[in-house]
Amino acid sequence: MLQFITHSNEKYDYLTSAIEALKGGCHWIQLRMKNIPEQTVMATALQLKEYCRKYNAKLILDDHVQATLKTGADGVHLGKNDMSPSDARKILGNGYIIGGTANTLDDIERLIKEGVDYIGLGPFRYTETKKNLSPILGIDGYKKILMACKEKGYTIPIVAIGGITKNDIPEIMSTGVTGIALSGSILRAENPQVETQLIINLINKYNNE
Ligand SMILES: Cc1ncc(COP(=O)(O)OP(=O)(O)O)c(N)n1
Ligand SMILES: Cc1ncsc1CCOP(=O)(O)O
Ligand SMILES: [Mg+2]
């Protein structure tokens, strides 16, 4: 599955970036708006929720647990500097999706104990989209971590993230990840809708769910 992470550039704002991905067939959008007031995030989330409903897509908010509750988004994505997933679960209950960020096998084991629904594992490579990146995993990092998860019998969905382009997808999917989260490679494409469709087709060749 593809999770599109919103971003803004000279061509698109956060909302229009998501609309491109939705029109390209993406059914899982993460609204990520860093250093922007929560009120603005909520207003954008409410607009985006309507588009997601129209295109039958799930909406995840990055970082904002209360805004997830207030806007009726489908879930929230939480990293190490955000509210803990177990505290978020107390607030949101079981009806919301909670995602967590991992960079290591230890992170994955902690997040499983905290009851997340899926994990964003990365970064795959350097990216300008996020500041203060954790250590780069590269393809060997994914191979090692996914192999260990298989040996330990972990079945939690894991999406790869960080600087991923279309060309990387076959190799990354073959490590056993469930899906791919990305932003820049779609927004930099000449035609983001076509790029989204091509990426989804590549992911769908693997059935890692
Ligand atoms: C799918 C996915 N994986 C990882 C992240 C990173 O979250 P976090 O570590 O909290 O960093 P910010 O995105 O908040 O800068 C993510 N957002 N999505
Ligand atoms: C949010 C996030 N977390 C790790 S890398 C990243 C950015 C993903 O965007 P891109 O696909 O443009 O590198
Ligand atoms: Mg975060």
Side-chain angles (χ1 to χ4, degrees), residues 1-12 14 17-18 20-21 24 26-36 38 41 45 48 57-68 73-85 87-88 96-104 106-108 110-112 114 116-138 141-142 145-146 156-169 172-173 177-189 192 195-196 198-200 202-203:
M1 192 147 180
L2 171 68
Q3 182 179 125
F4 175 75
I5 316 267
T6 64
H7 203 49
S8 66
N9 62 16
E10 58 291 341
K11 280 198 198 157
Y12 305 102
Y14 294 98
S17 74
E20 288 297 307
C26 181
H27 292 285
W28 196 15
I29 305 287
Q30 180 186 139
L31 180 63
R32 179 174 184 270
M33 297 172 76
K34 302 304 284 187
N35 306 314
I36 292 189
E38 188 162 8
V41 175
L48 183 51
K58 298 270 184 231
L59 175 61
I60 302 290
L61 302 192
D62 185 40
D63 300 343
H64 296 279
V65 176
Q66 286 300 337
T68 299
D74 296 292
V76 66
H77 188 95
L78 300 168
K80 279 182 194 157
N81 298 328
D82 303 314
M83 184 188 288
S84 76
D87 284 349
Y96 287 79
I97 301 164
I98 299 180
T101 303
N103 179 246
T104 63
D106 281 355
D107 291 340
I108 290 174
R110 173 181 50 80
L111 288 168
I112 290 173
E114 289 222 44
V116 299
D117 298 298
Y118 77 93
I119 288 170
L121 175 66
F124 172 67
R125 71 157 65 81
Y126 175 78
T127 174
E128 290 281 339
T129 310
K130 179 171 161 55
K131 308 288 165 235
N132 303 318
L133 284 176
S134 294
I136 307 291
L137 294 176
Y142 283 90
I145 294 173
L146 269 296
I156 186 136
I158 295 180
V159 297
I161 185 166
I164 298 172
T165 69
K166 204 170 46 200
N167 294 343
D168 302 316
I169 289 176
I172 297 178
M173 288 303 296
V177 299
T178 327
I180 304 282
L182 56 75
S183 181
S185 62
I186 284 183
L187 293 183
R188 283 190 302 269
E195 192 74 4
T196 302
L198 291 170
I199 286 171
I200 290 170
L202 277 170
I203 295 172

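Just so you know, residue 1 is the first one in the sequence shown, and it goes up from there. Order of listing sets the numbers, starting from 1, for every ligand and every atom in it.
Heavy atoms of N81 found under 4.0 angstrom from ligand 1: none, in either backbone or side chain. At a heavy-atom distance under 4.0 Å, atoms from both the backbone and the side chain of L182 approach ligand 2. For L121, no heavy-atom contact with ligand 1 is shorter than 4.0 Å.
For atom 15 (O) of ligand 1, the closest non-hydrogen atom on the protein side is R32 NH2, 2.8 Å. Of the protein's non-hydrogen atoms, the one nearest atom 8 (P) of ligand 1 is T101 OG1, 3.5 Å. In terms of protein heavy-atom proximity, atom 2 (C) of ligand 1 is nearest to H77 CE1, 3.2 Å. At the shortest separation from atom 8 (C) of ligand 2 among protein heavy atoms lies I161 CG1, 3.8 Å. Closest protein heavy atom to atom 11 (O) of ligand 2: S183 N, 2.9 Å. Among protein heavy atoms, atom 18 (N) of ligand 1 sits closest to Q30 NE2, 2.9 Å. The shortest contact between atom 5 (S) of ligand 2 and any protein heavy atom is with G162 CA, 3.5 Å.
Here the closest non-hydrogen pair linking L61 and A45 is CD2-CB, 3.8 Å. The two residues L111 and G100 make their nearest non-hydrogen contact at CD1-C, 3.8 Å. Considering all non-hydrogen atoms of both residues, G75 and T68 come closest at O-CG2, 3.5 Å.
Taking distance alone, with nitrogen or oxygen atoms compared against 3.5 Å, L78 stays at or beyond that limit from ligand 1. For ligand 1, one of its N or O atoms has an N or O atom of K34 under 3.5 Å away. Taking distance alone, with nitrogen or oxygen atoms compared against 3.5 Å, S185 stays at or beyond that limit from ligand 2. Geometrically, ligand 1 and Q3 share no nitrogen or oxygen pair separated by less than 3.5 Å. For ligand 1, the polar-atom distance check finds an N/O of K130 within less than 3.5 Å of one of the ligand's N/O atoms.
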- Could you give me the CA-CA distance, side-chain angles and deciding distance for Y126 and E128, then say whether side-chain hydrogen bond (donor to acceptor under 3.5 Å, both in side chains) is met? CA-CA 7 Å; Y126 175 78; E128 290 281 339; 3.0 Å; yes
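When distances from the Mg ion (ligand 3) to the N, O or S atoms of D82 are compared, OD2 comes out shortest. With respect to the Mg ion (ligand 3), D63 has OD1 as its nearest N, O or S atom.
The closest heavy-atom contact to atom 2 (C) of ligand 2, among the options Q30, E128, K130, comes from K130.
Within ligand 1, the atoms closer than 4.0 Å to a non-hydrogen atom of D82 are 10 (O), numbered from 1 in the order shown. For ligand 1 and G79, the ligand atoms under 4.0 Å from any heavy atom of the residue are 8 (P), 9 (O), 10 (O). Below 4.0 Å from some heavy atom of T129 lie the following atoms of ligand 2, by number and element: 7 (C), 9 (O), 10 (P), 12 (O), 13 (O). Short contacts between ligand 2 and R32, defined as distances under 4.0 Å to a heavy atom of the residue, involve ligand atoms 1 (C). Interface atoms of ligand 1 facing I161, defined by a heavy-atom separation under 4.0 Å, are 1 (C), 2 (C), 3 (N), 4 (C), 18 (N). Listed by number with element, the atoms of ligand 2 under 4.0 Å from a non-hydrogen atom of G184 are 10 (P), 11 (O), 12 (O). Atoms of ligand 1 found under 4.0 Å from any heavy atom of D63 (numbered from 1 in listed order, with element): 10 (O), 14 (O). Each of the following atoms of ligand 2 lies closer than 4.0 Å to a heavy atom of T127: 5 (S), 10 (P), 12 (O), 13 (O). Taking every heavy atom of G163 and a limit of under 4.0 angstrom, the matching atoms of ligand 2 come to 10 (P), 11 (O), 13 (O).
Residues D63 and K34 have side chains in contact (heavy-atom distance under 4.5 Å, counting atoms from C-beta outward). Counting only heavy atoms from C-beta outward, the side chains of T178 and M1 never approach each other to under 4.5 Å. A 4.5 Å side-chain heavy-atom check between L121 and L146 finds at least one atom pair inside the cut-off. Considering only heavy atoms from C-beta on, I164 comes within 4.5 Å of I169 through its side chain. Side-chain contact between M173 and I203 is present, with heavy atoms from C-beta onward closer than 4.5 Å. A heavy-atom distance below 4.5 Å is not found between the side chains of T196 and F4. In this structure, L2 and I186 have side chains that are in contact, with non-hydrogen atoms separated by less than 4.5 Å. No side-chain heavy atom of I161 sits under 4.5 Å from any side-chain heavy atom of K130.
Here the side chain of D74 pairs no donor or acceptor atom with the backbone of I60 at under 3.5 angstrom. In this structure, the side chain of R32 does not engage the main chain of D62 through any donor-acceptor pair within 3.5 Å.
Relative ring orientation between W28 and Y118 is described as perpendicular, the plane-to-plane angle rising above 60° on a 0-90° scale split at 30° and 60°. The aromatic rings of H7 and Y14 sit perpendicular, their planes meeting at an angle over 60°, well past the 30° parallel limit.
By the 4.0 Å heavy-atom criterion, I5 is excluded from the residues contacting ligand 2.
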